[in-house]
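Counting starts at 1 for both ligands and their atoms, in listed order. As a basis for the values below, the full set of heavy atoms in this structure was taken, side chains included, without hydrogen atoms, waters or symmetry mates.
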Amino acid sequence: MDQRKSPFNLIGKNIIVTGASSGIGRQCAISCSMMGANVILFGRNPDRLNDTLNCMDNISNHLVYSVDLREYNKVEELIKEIVFQKGKMHGLVNCAGISNTLPLKMITPDKMDDFFHNNVLGSINITKFVTKQSSFSEEGGSVIFISSVMGTVGESGKTLYGLTKGALIAASKSIAIELANKKIRVNCISPGVVETPLSQKAVYSQNEESLTKIKNYHPLGLGQTDDVANACVFLLSDASKWITGINLFVDGGYSAR
Ligand SMILES: NC(=O)c1ccc[n+]([C@@H]2O[C@H](COP(=O)([O-])OP(=O)(O)OC[C@H]3O[C@@H](n4cnc5c(N)ncnc54)[C@H](OP(=O)(O)O)[C@@H]3O)[C@@H](O)[C@H]2O)c1
């Protein structure tokens, strides 16, 4: 089938992917390029951002920005520059994030602050600037927040991580309602455990017994980055044009238990 006739194609769409220097965000950038998008890659580590770029189709169509999303004003300036260079945006994937396992008794105000800035405020801030009338296509488009199953279900030591991921699910529903009149759809994806540098550093990956326990929570086994990236492609494409305000579990059956 001619890719142009498929509602799943992203041909000519300008799509920003945050967290594109690693893991799920990296695969998301690669998969969007395979579907024809012009991708704007955000991350902090410039070398790893370039590694991602080198794996993408049509390398010259994409832009790379090394920036910490907590530099809120700088992000606003960059969005203006990107729109000047590429035209208005059609999509944003908020993938940047950090994780940890921390018992309640170890949580401090500083740690809460750090998690909120990295996992919530950075994403809400860039979403605000990308979806402005001056930045986003009049044809509409799609914003995705990568949440986690931990935003809905509980696990020991996941209070801090889960509360930031739950915040994204809650926020995305109100943003979906607010932006519907601009034809901007807003959805969350909640992955289970996906094999990435983030999950490989996690406490449960450090010993065989905990890892087996985590694997057993996933009837289809642990996820791969393309499992989440393919869901992003769907929610970015016109094939999902009647879907907004949802939280899509991509979790190998974790939440079915
Ligand atoms: N892997 C899983 O099992 C899993 C499960 C559920 C949800 N998730 C979520 O999926 C997303 C991606 O996870 P991953 O496993 O792919 O993690 P990863 O491999 O550690 O990648 C995280 C990415 O986020 C970027 N990042 C973090 N804080 C940032 C900041 N302040 N400013 C700019 N970029 C920042 C990192 O940039 P640099 O490396 O350049 O600093 C990196 O590109 C996260 O939101 C995570 O919570 C992951």
Side-chain angles (χ1 to χ4, degrees), residues 16-31 39-53 55 64-75 78-79 92-102 113-127 144-153 155 158 160-169 171-172 188-205 210-211 214-215 217-218 220-229 231-232 247-252 254-255:
I16 297 177
V17 178
T18 74
S21 54
S22 182
I24 295 170
R26 167 174 286 171
Q27 185 56 49
C28 197
I30 294 168
S31 299
V39 186
I40 299 96
L41 292 79
F42 275 57
R44 287 177 298 200
N45 184 298
D47 294 338
R48 284 193 278 103
L49 278 169
N50 278 321
D51 291 345
T52 305
L53 182 65
C55 297
V64 172
Y65 290 93
S66 168
V67 63
D68 190 316
L69 292 171
R70 292 169 296 179
E71 293 181 67
Y72 301 119
N73 296 333
K74 187 170 171 188
V75 169
L78 282 183
I79 300 303
L92 166 66
V93 184
N94 286 297
C95 196
I98 57 171
S99 174
N100 74 354
T101 303
L102 202 65
D113 203 47
D114 188 37
F115 261 72
F116 257 96
H117 281 285
N118 274 296
N119 282 2
V120 183
L121 305 184
S123 296
I124 299 296
N125 182 64
I126 190 171
T127 299
I144 299 169
F145 292 94
I146 304 296
S147 175
S148 163
V149 288
M150 289 300 134
T152 303
V153 303
E155 186 57 71
K158 291 293 178 188
L160 196 45
Y161 181 66
L163 72 87
T164 61
K165 292 300 180 179
L168 292 177
I169 297 168
S172 66
C188 269
I189 292 177
S190 284
V193 173
V194 178
E195 292 187 285
T196 70
L198 180 142
S199 59
Q200 278 146 13
K201 272 184 265 161
V203 180
Y204 54 75
S205 296
S210 321
L211 189 59
I214 293 290
K215 283 183 180 166
Y217 286 157
H218 298 76
L220 294 181
L222 300 186
Q224 303 302 315
T225 53
D226 64 342
D227 294 319
V228 181
C232 288
N247 175 28
L248 177 63
F249 287 96
V250 179
D251 65 358
Y254 186 111
S255 55

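Residue-level proximity to ligand 1 for V149 is absent, since no heavy atom of it falls below 4.0 angstrom. Both the backbone and the side chain of I24 come within 4.0 Å of ligand 1, counting heavy atoms alone. Looking at E195 against ligand 1, nothing comes within 4.0 Å, counting heavy atoms. The part of Y161 lying near ligand 1 is the side chain, judged by heavy-atom distances below 4.0 Å. Contacts with ligand 1 closer than 4.0 Å are made by no heavy atom of H117, backbone or side chain.
Close contacts between ligand 1 and S148 involve ligand atoms 6 (C), 7 (C) [criterion: under 4.0 Å to a heavy atom]. Every atom of ligand 1 with a heavy atom of G192 under 4.0 Å away is listed here by number and element: 3 (O), 5 (C), 6 (C). Every atom of ligand 1 is numbered from 1 in the order shown, and the set under 4.0 Å from a heavy atom of V194 is 1 (N), 2 (C), 3 (O). Proximity to S199 (heavy-atom distance under 4.0 Å) selects the following atoms of ligand 1: 3 (O).
In this structure, N119 has no heavy atom closer than 4.0 Å to ligand 1. Ligand 1 lies nowhere less than 4.0 angstrom from a heavy atom belonging to G122. Note on ligand 1: G223 sits outside its first shell, no heavy atom being nearer than 4.0 Å. The shell of residues lying under 4.0 angstrom from ligand 1, judged by heavy atoms, excludes S99. Between R26 and ligand 1 there is no heavy-atom distance shorter than 4.0 Å.
Ring pair Y65/F42 is tilted by interplanar angle, where 30° to 60° counts as tilted.
If you check each of G19, G43, S147, G97 against atom 22 (C) of ligand 1, the one with the closest non-hydrogen atom is G97. Looking at S190, G23, A96, it is A96 that brings a heavy atom closest to atom 26 (N) of ligand 1. Closest to atom 31 (N) of ligand 1 by heavy atom, among T225, I146, N118, D251, is N118. Closest heavy-atom approach to atom 1 (N) of ligand 1 among the candidates V93, N45, T18, T196: T196.
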